[in-house]
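Note sheet for the following structure.
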Amino acid sequence: MINTTKIAKINLIINKSKSILIIITIILSITLLSSVDLTFLDWGKANKEKILKYSGTQHGVYGNMDENKIEEIKSHADIDAVGLVNGIGSINYDDKSKIALSYVNDKAMELSSIKLEKGIMPKLKNEIALDNLALKKLGYKGKIREKIKIKYEDYANKGFTESEFILSGIINPNEMAKIKKLYSGIFFKEYRNSTRDMSKENFNAYVTVKREVNLSGDDLKLKVEDIDKDLNISKARVLVNEDYINSLKTDM
């Protein structure tokens, strides 16, 4: 009887120890899984932010569109927003770097993730905003209201144009631009309009489609491509922003 009682007590102690170990194991497992979930959530958020810096939030870009086609794009039933970029000229360097000079409207700035580091965007005909890498390339310190002389290849006039501007703002360069050595300068629309016949100009249209939250990634891509078919836009002029679209539907 004594031996049986001792054995029973030992079994109770062993079973209690096992139970405690099981509980500890479960707690550790839950903690580990929670930390893994949080790690993936943090990674997903960081990855999405990185994608936005590189590719912007447009669903697609229709390139080299004239004014009539731009109006058709704006009027399409599935288009939510249109941002416009009009290339004015460029400065090309021997090291393959380039400063692209453009007119960019507010919606295109928003979609392409262009951010001001300081100052304001151009509001007058003689004002310009440049990214800090472009300023360095041009040999300026980047003081707001500084006078900037620029000689660039003019796309409309098929030659070189030289003008003096007032620096109104400094742009944070896009991450992809840094890699490609493609820097930016943005003019006000009045300067653009005064240097070319706007009826002959073409634009890049940055677009978003309606009902983004209700569409899968594949549906969004197809929607961008279906719109170009409706409007008879060549496939060669369509760029779907797959990186951004894929980031919307991440399966954590």
Point-to-point distance, once rounded to the nearest 0.5 Å, from [atom1] of [X] to [atom2] of [Y]:
| X | Y | atom1 | atom2 | value |
| --- | --- | --- | --- | --- |
| Ser168 | Arg145 | OG | CZ | 7.0 Å |
| Lys210 | Asn214 | NZ | CG | 13.0 Å |
| Asn241 | Thr208 | CG | OG1 | 11.5 Å |
| Met65 | Asn204 | CE | CG | 8.0 Å |
| Thr195 | Glu190 | OG1 | CD | 12.0 Å |
| Asp131 | Lys115 | CG | NZ | 15.5 Å |

So, for Ser112 and Tyr206, which heavy atoms are closest and what is the spacing to 0.1 Å?
CB-CE2, 4.1 Å

Distance-minimising heavy-atom pair for Glu127 and Met121:
OE1-O, 4.5 Å

Could [X] and [Y] be called an ion pair, given the rule that one side-chain N must be under 4.0 Å from one carboxylate O?
| X | Y | value |
| --- | --- | --- |
| Asp66 | Lys200 | no |
| Lys223 | Asp230 | no |
| Asp78 | Arg211 | yes |
| Glu153 | Lys98 | no |

Closer than 3.5 angstrom, by distance alone: can the side chain of [X] be matched with the main-chain N or O of [Y] as a donor-acceptor pair?
| X | Y | answer |
| --- | --- | --- |
| Lys69 | Ile233 | no |
| Ser97 | Lys181 | no |
| Glu110 | Lys107 | no |
| Ser90 | Asn92 | no |

Could you walk me through whether Thr161 and Ser163 pass the side chain to side chain contact (heavy atoms under 4.5 Å, CB included) test, one step at a time?
CA-CA 7 Å; Thr161 296; Ser163 298; 3.9 Å; yes

Lys235 side chain reached by Glu225 side chain, heavy atoms, under 4.5 Å
no

For Asn126, what residues pass the side-chain contact (heavy atoms from CB on, under 4.5 Å) criterion, not counting sequence neighbours?
Leu124, Ile166

Only one of Glu201, Arg196, Lys189 forms a side chain to side chain donor-acceptor pair (under 3.5 Å) with Asn86, so which one is it?
Glu201

How is the hydrophobic cluster of Phe160 composed, in terms of its other members, when Ile, Leu, Val, Met, Phe, Trp and Tyr link through side-chain heavy atoms under 4.5 Å apart, directly or indirectly?
none

Hydrophobic cluster mates of Tyr103, side-chain heavy atoms under 4.5 angstrom, ILVMFWY only, any path?
Ile88, Ile91, Tyr93, Ile99, Leu101, Ile128, Leu130, Leu133, Leu135, Leu138, Tyr140, Ile144, Ile148, Ile150, Tyr152, Phe165, Leu167, Ile170, Tyr183, Phe187, Tyr191

Can Val61 and Gln58 be said to form a side chain to side chain contact (heavy atoms under 4.5 Å, CB included), step by step?
CA-CA 7 Å; Val61 179; Gln58 73 278 1; 4.0 Å; yes

Give a yes-or-no answer on whether the side chains of Ser199 and Asp197 include a donor-acceptor pair shorter than 3.5 Å.
yes

Using distance alone, with no hydrogens and no angle criterion, decide if Asn132 and Lys118 have a side-chain donor and acceptor under 3.5 Å apart.
no

Would Leu222 and Leu215 count as a side chain to side chain contact (heavy atoms under 4.5 Å, CB included) here? Give the steps.
CA-CA 10 Å; Leu222 287 172; Leu215 298 173; over 6 Å; no

Is it possible for you to say whether [X] and [Y] belong to one hydrophobic cluster, with membership spreading through side-chain heavy-atom contacts below 4.5 Å?
| X | Y | result |
| --- | --- | --- |
| Phe188 | Ile171 | no |
| Leu231 | Leu220 | yes |
| Val85 | Tyr155 | no |

Check against side chain to side chain contact (heavy atoms under 4.5 Å, CB included), Tyr62 and Leu239:
CA-CA 7 Å; Tyr62 301 127; Leu239 178 64; over 6 Å; no

Would you indicate whether Lys125, at its atom NZ, is surrounded by more than 12 heavy atoms from other residues, nucleotides or ligands within a distance under 6.0 Å?
no

